[in-house]
> 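This structure is in structure tokens; I'll ask about it shortly.
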Amino acid sequence: MSRILITSALPYINGVKHLGNLAGSMLPADVYARAMRLMGHEVLYICATDEHGTPAELAAQAANMEVAAYCDKMHEAQKQAGAQFGLSYDYFGRSSAPSTARLTQHFAQVLEKNGLIEERVSKQVYSNADGRYLPDRYVEGTCPNCGFEKARGDQCDSCGKLLDPVDLIDPYSAVSGSHDVEVRDTNHLYLLQSKMSDRLREWVNASTGWPPLASSIALKWLDEGLRDRSITRDLDWGIPVTDLDGNVRDGFEGKVFYVWFDAPIAYIGATQDWATENDGDWESWWRTDKGADDVDYVQFMGKDNVAFHTLSFPTTIMGSEEPWKLVDQLKAFNWVTWYGGKFSTSQGRGVFMDQAIEIAPSDYWRWYLMANAPEGSDAAFTWEDFQSSVNSDLANVLGNFVNRITKYCVGKFDGVVPSGGEAGEAEEWLVNELSDRLPKLIKFYEARDFRKAMAETRAIWAAGNEYLTQAAPWTHYKTDVDQAAIGVRHGLNLVALFGIIAQPVIPDAAGKILDAIGVPEDRRSWNFGEVKDLLDALPIGHTVAAPELLFSKIEEESVAEWTERFGGGEA
RNA sequence: GGUGGGGUAGCUCAGCUGGUUAGAGCGCAGGACUCAUAAUCCUGAGGUCGGGGGUUCAAGUCCCCCUCCCACUACCA
């Protein structure tokens, strides 16, 4: 038994997330959380919406809403989408909650006291028409290098050169289009990450079990030299910068913390809110002096978030010199690509969570996205693969197995688990197969190797079909009902086992299977023990039902329709 | 430009510190079975492991060069 703290990278507030976001952090974290719970570990799975920053303000403006109200609305929308996908958060909080604000202000003060934060003056473009400072990417103008007229302040999309917004010719606001912009001096707090380089490198080098993707990105940044980052912005929406008395710091009116400073802190804030609402003890998860030293902390994220989780946030934690829990394991994912390109919110490319749930049950998506998780490299999404995964793995291998044996039992044995029969070669083969595969399945889950865990899950399901072919109860039934009975009995127990191992990834279908077969709640955990006993776990005489059809197949017409509707197949 | 990740059977991908005839799923071909969602099971055909050079008794696996794809490049999250 261990205590495992799990967080998935905070989904940003400006819209319902697409399947790439789901596959890269929330879903694998959920599957892992479920598996660890089944193995008897004490799990706390925390997530939250990331609500601060310029895009939130602009999205609210576009929706013609106040930012706070917009965030309220989108938080609920994301919470609902998560619930529809069965994401089993222990708590789904918000980075805009007071808890995170207090912690953020606390960390900033402690870091400044420790000499890791200092105030500096920088130049920033101010738009008079918009009444706001503009982040680099919201300033557009003519590229000084190639003459492209819609170059962004941070980079020219035409020639690819990195730019500084003050170099743009005839700059204008990308928000309003106004050319009434000017460069102003503005003071900000800087996090002196460079001072932490050595400690961070030592820590990264000492970390084991990180995927190469995570450690290589962290080391790359360290090798290039960490730059000191501004952690405040000229915005209204966010966490105010305060002094020791809790008042707004002098000269920081109209400024707030940068979202990437406070977002990871929301992991802690959300845990506090979980504790408040559930009579829990947040300190035992986050304070190493209050019991968190035995916690195994695992973070899930897309590759774009690695640097923040391996460098920026650890700087905050370590630099505080307070006994906060640091991350132990990171699981970083590549992208799910959409017909050769990226999923894109702005261009409406790809499938979003709310649309996905409309066209297929969550289990279908969960299985497909995990079986094809972008672990080693980017993974291509195609409708044909989705169809093939669902039809072959879920409908044919698992669904049909459950269906064939339960219906046969109902038809020939009145739905009662039969006694009798003697174990032979088929049974020996099955025991060996399961004895070999179940430990591997557990190992893959523990190592967070999702593709392999799914392949193993499928292989175990397939072994059930193979066993039935060998045992052939329908053949024995004609001459020796007892011999047919052992095949049916083991088949039914396999149904139960298949449901049990399916729980982390396809919880809805697994629940239906286990309910139909009558496996009580307290017998659904992953304490496998002797394989022989697993095959006789259901009591003789116990009544089972044939569940409703678990998975209906995805027809060609659906694929065609979705391809048409979502624009899949374009270059 | 820099950095990182990729280029392995028709498709999607495994192949850790180099070592017997390079693997899986899907698809395809043939066969078996008939309990089942025309499902399942068995067998098989398919690869000069992006290209070239090198190290080694031995390289998909290490080194160099070339080439193609993707991501990141820090005030976008």
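Just so it is clear: chains get the letters A, B, ... in the order the sequence lines come, proteins before strands, and each one is counted from 1.
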> How long is the line joining CD1 of Ile460(A) and C1' of U40(B), in whole Å?
18 Å
> Has Lys553(A) got a side-chain N or O lying under 4.0 Å from the OP1 or OP2 atom of A38(B)?
no
> Among the candidates U40(B), C11(B), A74(B), find the nucleotide nearest to the side-chain atoms of Asp385(A).
C11(B)
> Can you say whether a donor on the side chain of Asn400(A) sits under 3.5 Å from an acceptor on the base of A36(B), or the other way round?
yes
> For Asp393(A) and G27(B), what is the distance between atoms CG and C1' respectively, to the nearest whole Å?
14 Å
> Quick one: which of A74(B), A77(B), U40(B) gets closest to the side chain of Leu226(A)?
A74(B)
> Which one is paired to A71(B), where only Watson-Crick or G-U wobble pairs with both distances under 3.5 angstrom count?
U3(B)
> Expressed as a whole number of Å, how far does the P atom of G44(B) sit from that of C26(B)?
15 Å
> For the C1' atoms, the ones on U12(B) and on U8(B), what distance do you get once it is rounded to whole angstrom?
12 Å
> Does a salt bridge link Arg249(A) with Glu119(A), judged by any charged N lying under 4.0 Å from a carboxylate O?
yes
> How many Å lie between CD on Gln470(A) and C1' on C35(B), as a whole number?
16 Å
> Take the protein atom CG of Asp234(A) and the nucleotide atom P of C76(B), then report the distance between them rounded to whole Å.
12 Å
> Considering only atom P, compute the distance from G23(B) to G46(B) and round it to an integer number of Å.
14 Å
> Should G44(B) be called syn or anti, with syn set as within 90° of 0?
anti
> Output yes if the stacking criterion (under 5.5 Å between centres, under 30° between planes) is met for Tyr408(A) over the base of C35(B), else no.
no
> Between C35(B) and Asn403(A), is there an OP1 or OP2 to side-chain N/O distance shorter than 4.0 Å?
no
> Answer with base, sugar-phosphate or nothing: what part of the nucleic acid does Ser230(A) contact at a heavy-atom distance below 4.0 Å?
base
> Between atom CG in Leu398(A) and atom C1' in A36(B), what is the gap in whole Å?
13 Å
> Counting any heavy atom closer than 4.0 Å, what does Ala455(A) reach on the DNA or RNA strands: base, sugar-phosphate only, or nothing?
nothing
> Under 4.0 Å, heavy atoms only, any strand: does Ala462(A) hit a base, just the sugar-phosphate, or nothing?
sugar-phosphate
> Without decimals, in angstroms, what is the distance between Asn396(A) CG and A39(B) C1'?
6 Å
> Reading RNA chain B from 5' onward, which residue's closest nucleotide shows up sooner: Arg458(A) or Phe308(A)?
Arg458(A)
> For Arg437(A) and G25(B), what is the distance between atoms CZ and P respectively, to the nearest whole Å?
9 Å
> Return the nearest nucleotide to the side chain of Tyr12(A); candidates are C13(B), A77(B), U37(B).
A77(B)
> Could you give the distance separating A22(B) and C49(B) at their P atoms, to the nearest angstrom?
11 Å
> When rounded to the nearest Å, what value does the distance between P atoms of G53(B) and U40(B) take?
46 Å
> Which residue, Arg233(A) or Thr475(A), contacts RNA chain B at a nucleotide closer to its 5' end, judged by nearest heavy atom?
Thr475(A)
> Answer with base, sugar-phosphate or nothing: what part of the nucleic acid does Phe401(A) contact at a heavy-atom distance below 4.0 Å?
nothing
> Within 45 degrees of the axis of the six-membered ring of Phe444(A) and under 6.0 Å from its centre: does Lys440(A) put its NZ or CZ there?
no
> Compare the minimum distances between each of A77(B), U37(B), C13(B) and the side chain of Leu550(A), then state the nucleotide with the smallest one.
U37(B)
> In whole Å, measure the gap between the C1' atoms of C13(B) and G18(B) for me.
22 Å
> Which part of the nucleic acid, if any, lies within reach of Lys407(A) when heavy atoms closer than 4.0 Å are counted: base, sugar-phosphate only, or nothing?
sugar-phosphate
> When the P atoms of A58(B) and C72(B) are compared, how many Å lie between them, rounded to an integer?
43 Å
> Look at Lys443(A) together with Glu456(A) and state whether they make a salt bridge at an N to O cut-off of under 4.0 Å.
no
> Drop me the distance from Leu394(A)'s CG to Tyr364(A)'s OH, to the nearest 0.5 angstrom.
7.5 Å
> Parallel, tilted or perpendicular: which describes the rings of Trp474(A) and Tyr408(A), with under 30° parallel and over 60° perpendicular?
perpendicular
> In terms of side-chain geometry, is the basic nitrogen of Asp234(A) or Arg184(A) positioned less than 4.0 Å from the acidic oxygen of its partner?
no
> Provide the Watson-Crick or G-U wobble partner of U56(B), both distances under 3.5 Å; none if there is no partner.
none
> Just to be sure I understand the rule, does Lys412(A) reach a base, reach only the sugar-phosphate, or reach nothing, if contact means heavy atoms closer than 4.0 Å?
nothing
> Work out how far the P atom of G25(B) is from that of A14(B), and round it to whole angstrom.
16 Å
> Partner of U37(B) by Watson-Crick or G-U wobble geometry, both contacts under 3.5 Å, or none?
none
> Can you confirm whether Lys255(A) sits close enough to Thr186(A) that some side-chain heavy atom of one is under 4.5 Å from a side-chain heavy atom of the other?
yes
> Within the structure, does a side-chain N or O atom of Lys452(A) lie under 4.0 Å from either OP1 or OP2 of A24(B)?
no
> Provide the Watson-Crick or G-U wobble partner of G23(B), both distances under 3.5 Å; none if there is no partner.
C13(B)
> Below 30° counts as parallel, above 60° as perpendicular, anything between as tilted: where do the rings of Tyr267(A) and Phe313(A) land?
perpendicular
> Rounded to the Å, how far apart are Gln387(A) CD and C11(B) P?
18 Å
> Only pairs with both distances under 3.5 Å count, Watson-Crick or wobble alike; so what is the partner of A29(B) in this structure?
U43(B)
